[in-house]
Amino acid sequence: MEDAPRLDVRGLAKSFVLHTQGGVTLDVFRDLDLQVFAGECVALQGPSGSGKSSLIRLLYGNYVSAAGEILVRHNGQMVDVAAADPHVVLDVRRRTMGYVSQFLRVIPRVPALQVVAEPLRARGVPQATAEAEAGEMLAQFNIPKALWSLAPATFSGGEQQRVNLARGFIIDYPVLLLDEPTASLDAANRDVVVAMIRQAIRRGAAIIGIFHDSTVRDAVASRIVDVTSLGAAA
Amino acid sequence: MTVATLEPTERSRRADQDAADAVAAADAGPLLKAAGISHFYGARAGCENVSLELRSGEVLGIVGESGSGKTTLLNCLAARLRPASGQLAYRLTTGRTVDVYGLSEAERRRLTRTDWGFVHQNPRDGLRMAVSAGANVGERLMAVGARHYGDIRDQVTDWLTRVEMDLERMDDLPSTFSGGMQQRVQIARNLVSQPRLVFMDEPTGGLDVSVQARLLDLLRGLTNDLGLAAVIVTHDLAVARLLSHRLMVMRQGRVVEHGLTDQVLDDPQDAYSQLLVSSVLQT
Amino acid sequence: MNAIENTNHGGNGGHGGNGAGGHGGYNFAYLDEQSKRMIRRAILKAVAIPGYQVPFGSREMPLPYGWGTGGIQVTASIIGRDDVLKVIDQGADDTTNAVSIRKFFVRTAGIATTEETGQATIIQTRHRIPEQSLLPGQILVYQVPIPEPLRWLEARETETRKMHGLADYGIMHVKLYEDIAKYGHIETSYDYPVRVNGRYLTAPSPIPKFDNPKMNDMPALQLFGAGREKRIYAIPPHTRVESLDFDDHPFEVQTWSEVCALCGADDTYLDEVIMDDRGTSMFVCSDTAHCAERRAAGHRGPDGDAAPTGLVP
């Protein structure tokens, strides 16, 4: 295992200022520290509202932090996602950090196969290669071939989630963020996800996830941390 | 498993390519750089002290309600309007950076008709309604000296195919087309010269929702596949989310928020951005 | 002609202009000397910038617009007592328009006229260039209805001027593209756009494209006057004049499978003349003077002895 962390969070704080509601400030957490190394899977725990999802979104650059650093090893150097230029954050997302949420943001009319192939296409992989790999991914998540050419908007919740997972796992991201990736899956598909996560760990990915399903959590987590213990609850 | 089926060599080759791409992207610097752009209509500010950078392949969305100055800014960035103050620098394919407002009219025309594109909300503003769809698409080629009808025709056919136009209609006047088809012709007309930067003013405005979706999908594919940089003005946040990497929120001529599109839409910081986002029905 | 007769009543055009003795109560060649000088300045500028449309203060003429007022003003400004004038309309010397313009100058300038191309010093024309090659020293004056070749595609004059200024002419090929897309070939056959001296896009006036090649490297000076549009332009002698085209659809002139029924010419621009109400027709030279000269020299076509109504007085 590498000595340096893949992800190094220092003194992170998150609060929401609700301007539309009289400027109420909701403090989520502050002084949060977390290090994640290659080949480990950190499962975030904590009561609802403790900021698990917010943390994941902060790490991905989707939320704006109030203070602190989010250092991600990207192209051999540590990049602070909390402060980097948008184009750097996008590059981090393209090459270093993957994110699977419980919701698939579907693009109208784009077939499932293309949705899954897109991260490869964004890296410049030729369409045919990208689609072949996307097909294998979809097959692995038990999406019937008949659905590949359809837009996922019409799929069931479980199917949408599996398309989302296929999209998240099609690239061997060095850092992987998972926000309840198995929320609407049946047991068989849950096992597929578990196998995929384990394999990602074996190849050395650093994974941070929220797993409500304790079976899944126990099967993949190398470390379980309580968000409230990472910093000061605000 | 997919992961296992890939040869290790294939993986490592891809990683090398990634690294090379990353270096190239970091070296390139901005394609377009605007600094302190201000334009006034009488005493009222159209846009005030706007600065931004755009890299190649990057899509910037500008949102705001009507009167926010987003269209004024777009016109300044596209050199269709000379702002009262401010600088605009553009990096040519040769690598040389030019002061866009300092170009002669002839140079500016050449730039805006070859390396740039402009897609108007109303196709009538961007098309010649009295000449055929094919001629509309071919015009840019002829403007830069293409003199072989067969070659021009081939390129026109190719582009009309790429925007999913029925080729049977290529010699028809755009006035006989639906709004969605006209917009496709306008897009092909702009892309035929293989521009590196395209400006779009509400490109899907005024179209039916289903037509809009198809067009968005097309634009998305084109910007991805061609590595186009684009500045897209829209009041529709869903359009902005689908098409743009970065988002600027404008209000009363000023930029009130600027960041990654998903960040601005999911965690807006400014009071006005929050209002704008919260007023939209979630889909 | 009515238009001319009418001016007899109000004809008080400035007598006694510089060496310009009046004729029939008019100043020499009708226009006052001030106006002529103004027009000559415009002509000089036009000659200096081949193909460029020079605005000028078009005067009221005793003919309605569309009757060649632009050409007449140019001719009036350059004509001298020793000039010999030929006027043709669609190639013919004897049509109403040609006859009335000729009469106009005989009456106002007392100059000599001719129908022979080789004898004329000034040839004013509507819609043709004579078949016989013009000579050094001769001046061809075109009557022009629409001087702006870009108007077809761009109605705003502010924009067309900019396009000329920047030599931004890609749009002109759009028109030719449309022709080929529609008809399989370039259908435009009159007022076929030319590029003058490699610079200005210029309307040759509604001459058939058959005449376009004659404009290139012509030994005579070509002047163009548009009265209603108030523009003068020029092509100096021996100037390069190219007709626009595509590499794979090169410029071509009209050809006929027939020869002139009267003189047998196989290299001239032919008009189809309807002979009777059963649709019988014959093809004859549009340049009547040229045809007459050939016949005088003994050339005969298939109907060489026939004299179609309206063609031979």
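Numbers restart at 1 for each chain; the letters A, B, ... are given by sequence-line order, proteins then strands. These numbers come from the heavy atoms of this one structure, side chains and all, not from hydrogens, waters or symmetry mates.
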Student: Can you tell me which portion of B/Val137 sits under 4.5 Å from chain C's heavy atoms? Options are side chain, backbone, both or neither.
Tutor: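 Neither the backbone nor the side chain of B/Val137 comes within 4.5 Å of chain C.
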Student: What part of B/Leu141 gets within 4.5 angstrom of chain C, counting heavy atoms only: side chain, backbone, both, or neither?
Tutor: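 For B/Leu141, no heavy atom lies under 4.5 Å from chain C.
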Student: Is it true that, when you exclude B/Gln87 itself, more than 12 heavy atoms of the residues, nucleotides or ligands shown sit nearer than 6.0 Å to its CD?
Tutor: no
Student: Which of residues 177-188 of chain C get closer than 4.5 angstrom to chain B, counting heavy atoms alone?
Tutor: C/Tyr177, C/Glu178, C/Ile180, C/Ala181
Student: Mark yes when over 12 heavy atoms from residues, nucleotides or ligands other than C/Lys230 sit less than 6.0 Å from its NZ; otherwise mark no.
Tutor: yes
Student: What option among C/Asp245, C/Asp168, C/Leu244 has the most heavy-atom pairs under 4.5 Å with chain B?
Tutor: C/Asp168
Student: Can you tell which of B/Arg128, B/Glu105, B/Arg109, B/Glu139 has the highest number of heavy-atom pairs within less than 4.5 Å of chain C?
Tutor: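 Most heavy-atom pairs within the cutoff with chain C belong to B/Arg109.
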Student: Which answer fits C/Leu176, side chain, backbone, both or neither, if we ask what part of it has an atom under 4.5 Å from a heavy atom of chain B?
Tutor: neither
Student: Count the heavy atoms belonging to other residues, nucleotides or ligands that lie under 6.0 Å from CZ of B/Arg124, then report whether that count exceeds 12.
Tutor: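 Not buried by this count: 12 neighbours or fewer within 6.0 Å.
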Student: Do B/Arg147 and C/His249 have side chains that get closer than 4.5 Å, going by heavy atoms?
Tutor: no
Student: Counting heavy-atom pairs under 4.5 Å to chain C, which of B/Arg140, B/Arg153, B/Arg110 comes out on top?
Tutor: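 Of the candidates given, the most pairs with chain C belong to B/Arg153.
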Student: Among side-chain atoms of B/His148 and C/Asp248, is any donor-acceptor pair under 3.5 angstrom?
Tutor: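 Side-chain D/A pair, B/His148 to C/Asp248: present.
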